[in-house]
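Lettering of chains follows the sequences in order, A, B, ..., and the numbering in each one begins at 1.
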Amino acid sequence: MEKRVYTILSLLLALALVSCAGKQRNILETSEPQVKLRSMQSRVFDITDQNLLLRTIIATFQDLGFVIDDAEESLGTVSGTKRSGYSLRMTVSIRPRGTRQTIVRSSIQFNLQTIEEPEPYQYFFSTLSKALFLEAQPVK
Amino acid sequence: MHLRRVNKNCLILICLGTFLVACQNNIFREALTLSSESLKDRQLQTRIFDGMDEKTLLTASAAVLQDLGYTIDETEVKCGVIVCSRDRDVTVTAEVILSVTLEIFCLLMGHPTSVPYDKTQKVLASLVTTSADNLRTGVRITFQHVVWDSDGNIKKNEQINDPQIYQEFFSKLSKSVFLVAHEI
């Protein structure tokens with residue numbers, strides 16, 4: 001009887017350890033390879049004015065019904081959330097590429113799920129492209 | 001016969017899967033592209049102030065948000081952004097009485113059930129200024145709110161589109177601009 005109790009306890013302990021390890025692995029887990037993910041989430045725009053670009057991203061967020069959560073010019077990031085029965089959180093970061101272009105990268109979280117399909121990013125960049133009057137080019 | 005049933009089940013699962021993917025894709029299309037409502041929302045959420053520079057308008061906006069009991073969470077003057085929020089208890093006595101009465105009724109009927117009522121609310125707002133020149137500066141504010149019930153579940157999670165709220169905010173902002181301009 002005592003042996004059975006020890007076996008059950010050991011099994012429960014093992015399960016608890018496995019579930020803990022699983023949760024920790026979740027912190028850095030993605031289903032898509034890093035390069036593929038970056039290419040899906042990034043576009044190049046022919047613009048050098050970083051402030052104007054950030055302000056246009058913020059205005060696009062507001063036009064889409066997002067509330068801005070954070071904006072930081074020196075780092076070039078803007079984060080926002082759209083609440084409409086669901087929570088759609090986005091972070092957009094910008095960085096100069098050469099002397100004539102800027103790379104814009106966005107990442108989307110829908111409720112508790114990170115979005116790793118290309119379509120939502122295509123919708124966002126198409127809207128941003130119209131706001132900037134510039135073409136969104138893929139990163140090569 | 002058995003194989004046919006398995007095939008039928010597979011077909012139902014595939015159809016269901018396709019339907020769910022299509023639904024989610026529609027949500028993203030709706031959320032990330034401009035709709036006919038976008039321009040209407042922009043007009044509702046925006047006011048232009050003449051003869052006011054961006055820095056003064058941001059100061060006046062921060063002051064009015066403080067007047068309204070909001071906590072400033074983030075600011076980035078270089079982008080003209082103020083992010084703020086406000087937590088409030090939204091319990092209504094009538095709703096609590098109704099909830100308790102229904103719970104007692106369910107208990108007497110032999111089916112104890114929790115009947116939650118609205119308990120707390122978090123209002124989130126972001127205010128953004130835009131300035132084409134130093135003579136005209138625009139302010140746009142967007143409000144969203146999340147309401148939790150007494151069981152701790154999210155009951156509402158949406159943008160606030162009530163025109164009266166925006167009109168009231170801009171009316172208070174106009175007064176604040178006057179006070180800031182006169183260093184009051």
Side-chain angles (χ1 to χ4, degrees), chain A residues 41 49-90 92 94 106-113 115-131, chain B residues 21-46 54 72-85 122-132 138-147 154-161:
Chain A
Q41 295 177 337
D49 188 336
Q50 308 288 298
N51 187 273
L52 176 69
L53 181 55
L54 276 179
R55 281 177 181 263
T56 311
I57 292 166
I58 290 167
T60 305
F61 265 3
Q62 286 196 301
D63 277 343
L64 291 171
F66 282 68
V67 153
I68 310 299
D69 299 326
D70 190 23
E72 174 63 56
E73 200 210 28
S74 52
L75 207 60
T77 59
V78 181
S79 297
T81 306
K82 180 169 182 165
R83 295 174 180 86
S84 184
Y86 52 77
S87 284
L88 200 148
R89 296 183 66 196
M90 274 190 82
V92 179
I94 63 168
S106 61
S107 51
I108 306 173
Q109 188 182 313
F110 181 72
N111 293 332
L112 299 175
Q113 177 195 359
I115 299 306
E116 294 177 353
E117 288 87 41
E119 289 84 9
Y121 297 101
Q122 285 164 6
Y123 295 138
F124 174 71
F125 283 120
S126 160
T127 307
L128 181 63
S129 185
K130 283 173 196 156
Chain B
V21 169
C23 270
Q24 207 179 37
N25 205 18
N26 275 343
I27 289 175
F28 290 128
R29 188 179 298 140
E30 175 266 327
L32 299 170
T33 52
L34 297 178
S35 68
S36 53
E37 294 292 300
S38 303
L39 185 63
K40 221 171 89 183
D41 284 350
R42 188 194 286 188
Q43 284 167 345
L44 178 74
Q45 297 168 356
T46 311
E54 200 175 8
I72 309 289
D73 300 321
E74 294 283 342
T75 53
E76 178 57 294
V77 178
K78 287 174 189 165
C79 294
V81 172
I82 297 176
V83 179
C84 57
S85 60
K122 189 178 191 79
V123 181
L124 303 114
S126 59
L127 182 142
V128 180
T129 52
T130 43
S131 179
V139 182
R140 181 172 182 176
I141 189 158
T142 314
F143 291 103
Q144 289 179 357
H145 72 154
V146 185
V147 178
I154 292 177
K155 184 107 175 275
K156 279 182 199 154
N157 186 28
E158 60 194 12
Q159 183 170 309
I160 297 170
N161 286 323

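- Contact annotation for Arg42(B): only side-chain heavy atoms (C-beta onward) come within less than 4.5 Å of a heavy atom of chain A.
- Both the backbone and the side chain of Glu30(B) come within contact range of chain A, each with at least one heavy atom under 4.5 Å from a heavy atom of that chain.
- Looking only at distances, a side-chain donor or acceptor of Glu76(B) sits under 3.5 Å from a matching main-chain atom of Glu73(A).
- From Asp69(A), atom CG reaches atom OG of Ser126(B) across 8.0 Å, with rounding to the nearest 0.5 Å.
- Note: Phe28(B) CZ to Ile115(A) CD1 = 3.5 Å, rounded to the nearest 0.5 Å.
- For Glu158(B), the parts sitting under 4.5 Å from any heavy atom of chain A are the backbone and the side chain alike.
- Put simply, the side chain of Ser87(A) reaches to within 4.5 Å of the side chain of Asn157(B), judged on heavy atoms.
- Asn51(A) CG to Cys79(B) SG: the interatomic distance, rounded to the nearest 0.5 Å, is 5.5 Å.
- To the nearest 0.5 Å, atoms OG1 (Thr33(B)) and CD (Gln122(A)) are separated by 12.5 Å.
- Residue Leu64(A) touches chain B through both its backbone and its side chain, counting heavy-atom pairs closer than 4.5 Å.
- With Thr142(B) as reference, Val67(A) is the one residue of Asp63(A), Ile68(A), Val67(A) to meet the side chain to side chain contact (heavy atoms under 4.5 Å, CB included) rule.
- In terms of heavy-atom pairs under 4.5 Å with chain A, the best-connected choice from His145(B), Gln159(B), Lys78(B) is Lys78(B).
- With a 4.5 angstrom heavy-atom cutoff, Val146(B) touches chain A only via side-chain atoms.
- Most heavy-atom pairs under 4.5 Å with chain A: of the set Val81(B), Asp73(B), Ile82(B), Thr75(B), this distinction falls to Val81(B).
- A distance-only check finds no donor-acceptor pair linking the side chain of Arg29(B) to the backbone of Glu119(A) [under 3.5 Å].
- Asp70(A) and Val83(B) make their closest contact through N-CG2, 4.3 Å (heavy atoms, listed as atom of the first residue, atom of the second, distance).
- With chain B as the partner, the residue from Ala59(A), Gly80(A), Gly85(A), Ala131(A) showing the most heavy-atom pairs under 4.5 Å is Gly85(A).
- Across Leu32(B) and Ile108(A), no two heavy atoms sit closer than the pair CD1-CD1, 3.9 Å.
- The candidate from Phe66(A), Phe124(A), Tyr86(A) with the greatest count of non-hydrogen atom pairs under 4.5 Å with chain B is Tyr86(A).
- Taking Phe125(A), Tyr123(A), Tyr121(A) one by one and counting their heavy-atom pairs under 4.5 Å with chain B, the maximum is reached by Tyr123(A).
- With a threshold of 4.5 angstrom between heavy atoms, Gln113(A) approaches chain B through side-chain atoms but not through N, CA, C or O.
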